[in-house]
Amino acid sequence: MIAAQQDCPFTPVYDNIERDDTMTDSIRELTILQPDDWHIHLRDDKALATTVAHAAQSFNRVICMPNLVPPVKNVDDAHAYRARIIQQLQASDLSAERKAAFDPRMTLYLTDNTTANDIEMAAKSGIVQAVKLYPAGATTNSADGVTDINARVDIFEALEKYNLPLLLHGEVTHDHVDIFDREKRFLDEVLAQIIIKFPTMKIVLEHITTSDAADFVLAQGNQVAATITPQHLMFNRNHLLVGGIKPHFYCLPILKRESHQKVLLDVATSGNPKFFLGTDSAPHATDAKESACGCAGCYSASTALPLYATAFDSVGKIDKLEGFASRFGAQFYGLPVHESTITLINTPMQVPTDYPYFDGSSLTPLMAGEMLPWSIKA
């Protein structure tokens, strides 16, 4: 199946955007502060042996999504999940320095039964960084998500009180709404009303995919920010669909038009602190992705920085990468930026075709087998 996928032609974004090389002709090596990933899926149990090591290679803090089976619903669940992550970290062959630097930050899964006391406990826990709202049925393992957002007023009041950010999968899930319109409908019909009622609640609109979302975030105060994935900077729906369906480009929210992709590149590389790195790296075994009903999610944890560097360099803005990757997210969450650094070099690397996963399965990364112009210096 991998060979068949590679036979489907596509043109990467850095081949079809007119470059502005005036700022980056001389940049062959770039050292930035160690970055954080403000949206990642590590999954659980046997999957952690692969995903934790990949994430910890490049990132210090990672915000771990709570949509496990069963979900991370309270502080006790969060402590137990974090302990499983740390156990796999210590069992990995990463350096002692990387192990010491890696800091998985937990999130609670907001359900119809979450209480204000759960929010208070989370805010005081020292390990829970935010609370995640999935509209029920919006994406992978979202069946326990919120069915009536208007009924969660007490939770929003508690989040505002304890200054705990709300992370949003920003899509409506009505069957009659076109999948390409679901993000904009969420902004217009849901999020705008939440912000009016709770004007000081910190909100991160995760993995934005449209110019509508970028404009919405820009129009709000400093309490509203957004993360952007590498796939939404590098690809659009033509890459997913033209020449055959490429399952490893399928994610939710789904890739949109090229015009939206270009706006995302504009805001990500603008130096505006409201936009920062969140890979939404989501592992699914290759046979689950390459199936009659393939899973949603792109796996990028192992090559995220070269992917982002490639996207930023495609528009001549590689010098803006540090703010997006290493500073703005920490500033939004009220955390210190790191003192350690990582170096990217303008030397091509080939993305592995796959990684060993658990129980004899494999894991296919985003852009498997393709060449990237940037790599991480050993």
Handout entry: Residue Gln350 excluded, over 12 heavy atoms near CD under 6.0 Å
Key = yes

message = Could you check whether any side-chain N or O of Arg43 sits under 3.5 Å from a backbone N or O of His284, counting only pairs where one atom can act as donor and the other as acceptor?
response = no

Gln90, CD atom: more than 12 neighbouring heavy atoms under 6.0 Å:
yes

Hey, quick one: are Ile86 and Met106 part of the same hydrophobic cluster, counting side-chain heavy atoms closer than 4.5 Å, chains of contacts allowed?
yes

| Under the 3.5 angstrom rule, does the side chain of Thr51 hit a backbone N or O of Leu42 as a donor-acceptor pair? | yes

Check your understanding: Counting only heavy atoms not in Met121, do more than 12 sit closer than 6.0 Å to its CE atom?
Key -> no

Those residues at least two apart in sequence (or on a different chain) that pass ring pair (Phe, Tyr, Trp, His ring centres under 6.0 Å) with His79 are none

On a heavy-atom basis, the closest approach of His239 and Lys246 is O-CE, 2.6 Å

key: Lys320 (side chain) donor-acceptor with Gly316 (main chain) under 3.5 angstrom   = no

- Message: Please evaluate residues Asn60 and Phe102 with respect to the criterion side chain to side chain contact (heavy atoms under 4.5 Å, CB included), reporting the C-alpha separation (whole Å), side-chain torsions for both, the decisive distance (0.1 Å), and the verdict.
- Response: CA-CA 4 Å; Asn60 279 8; Phe102 190 62; over 6 Å; no

Item to complete: Please determine if Asp188 and Lys184 form a salt bridge, counting it only when a charged side-chain N lies under 4.0 Å from a carboxylate O.
Response: yes

Item checked: Worked check of side chain to side chain contact (heavy atoms under 4.5 Å, CB included) between Asp112 and Val146 -> CA-CA 5 Å; Asp112 288 342; Val146 174; 3.8 Å; yes

Donor-acceptor contacts, no H, no angles, side chain residues 123-133, under 3.5 Å, sequence neighbours left out:
unit_1: Lys124; atom_1: NZ; unit_2: Glu120; atom_2: OE2; d: 2.7
unit_1: Ser125; atom_1: OG; unit_2: Ala122; atom_2: O; d: 2.8
unit_1: Ser125; atom_1: OG; unit_2: Ile127; atom_2: N; d: 3.2
unit_1: Ser125; atom_1: OG; unit_2: Val128; atom_2: N; d: 3.1
unit_1: Gln129; atom_1: OE1; unit_2: Arg105; atom_2: NE; d: 2.8
unit_1: Gln129; atom_1: OE1; unit_2: Arg105; atom_2: NH2; d: 3.4
unit_1: Lys132; atom_1: NZ; unit_2: Tyr134; atom_2: OH; d: 3.4
unit_1: Lys132; atom_1: NZ; unit_2: Glu206; atom_2: OE1; d: 2.8

Just checking, any donor-acceptor pair under 3.5 angstrom between side chains of Asn236 and Glu258?
no

Sequence neighbours excluded, the answer for salt bridge (charged side-chain N to carboxylate O under 4.0 Å, His left out) partners of Glu157 is none

Asp93 meets the side-chain contact (heavy atoms from CB on, under 4.5 Å) criterion, sequence neighbours left out, with none

Review point. Is any NZ, NE, NH1 or NH2 atom of the basic residue among Asp319 and Lys317 found under 4.0 Å from an Asp or Glu carboxylate oxygen of the other?
Key: no

If hydrophobic clusters are built by linking Ile, Leu, Val, Met, Phe, Trp and Tyr wherever their side-chain heavy atoms come under 4.5 Å apart, do Ile85 and Tyr357 end up in the same one? no

The complete set of side chain to side chain donor-acceptor pair (under 3.5 Å) pairs with one or both residues in residues 321-334, sequence neighbours excluded, reads Glu322-Arg327

Going through the checks in order, is the ring pair (Phe, Tyr, Trp, His ring centres under 6.0 Å) test met by His169 and Phe186?
-> CA-CA 9 Å; His169 182 110; Phe186 183 89; 8.4 Å; no

Heavy-atom nearest pair, Asp354 first then Pro365, reads CA-CD, 3.9 Å

Taking every heavy atom of Ser300 against every heavy atom of Ser281, the minimum-distance pair comes out as N-OG, 3.0 Å

Residue set satisfying side chain to side chain donor-acceptor pair (under 3.5 Å) with Asp37, at least two apart, ordered chain then number -> Thr279

Sorted by chain and number, sequence neighbours left out, side-chain contact (heavy atoms from CB on, under 4.5 Å) with Leu241 holds for Ile245

### Query
Can you find a pair of side-chain heavy atoms, one from Val263 and one from His260, that are under 4.5 Å apart?
no

Original post:
Taking the side chain as C-beta and beyond, is there a heavy-atom pair between Asp36 and Asp103 under 4.5 Å?
Top reply: no

Requested in this report: Please lay out, stage by stage, how Phe59 and Ile342 fare under the test side chain to side chain contact (heavy atoms under 4.5 Å, CB included).
Outcome: CA-CA 9 Å; Phe59 298 108; Ile342 190 168; over 6 Å; no

Taken in chain and number order and not counting sequence neighbours, the residues that satisfy ring pair (Phe, Tyr, Trp, His ring centres under 6.0 Å) with Phe312 are Phe324

Looking only at side chains, do Thr229 and His232 share a donor and an acceptor under 3.5 Å apart?
yes

Rounding to 0.5 Å, atoms CG (Leu205) and CG (Leu167) come to a distance of 10.5 Å

| side chain to side chain contact (heavy atoms under 4.5 Å, CB included) evaluation trace for Arg28 with Leu344 | CA-CA 8 Å; Arg28 307 294 298 175; Leu344 289 149; over 6 Å; no

ask   = If you count the non-hydrogen atoms of other residues, nucleotides and ligands that lie under 6.0 Å from CG in Asp178, is the total more than 12?
value = yes

Taking the six-membered ring for Trp and the single ring otherwise, decide whether the centroids of Tyr299 and His248 are under 6.0 Å apart. no

side-chain contact (heavy atoms from CB on, under 4.5 Å) filter on Thr343, not counting sequence neighbours, yields Glu29, Thr31, Ile345, Lys377

Worksheet item: Just wondering, do Ile228 and Val267 contact through their side chains at under 4.5 Å, heavy atoms?
Response: yes

Contacts table for residues 249-257: side-chain donor-acceptor under 3.5 angstrom, sequence neighbours left out:
unit_1: Lys256; atom_1: NZ; unit_2: Thr209; atom_2: OG1; d: 2.8
unit_1: Lys256; atom_1: NZ; unit_2: Ile254; atom_2: O; d: 2.9

Same apolar cluster: Leu164 and Phe156, side chain cutoff 4.5 Å
yes

Ring pair (Phe, Tyr, Trp, His ring centres under 6.0 Å) filter on His41, not counting sequence neighbours, yields His39

Hydrophobic clusters here meaning ILVMFWY residues chained together by side-chain heavy-atom distances under 4.5 Å, can you tell me if Leu321 and Ile376 are in one?
yes

Is it true that the side chains of Asp313 and Thr310 contain a donor and an acceptor less than 3.5 Å apart? no

Enumerate, atom names and distances included, each donor-acceptor pair closer than 3.5 Å involving a side-chain atom of residues 190-203, sequence neighbours excluded.
unit_1: Thr200; atom_1: OG1; unit_2: Glu160; atom_2: OE2; d: 2.8
unit_1: Lys202; atom_1: NZ; unit_2: Phe332; atom_2: O; d: 2.2

Self-check item: Within-4.5 Å side-chain heavy-atom neighbours: Thr114 and Arg152
Solution: yes

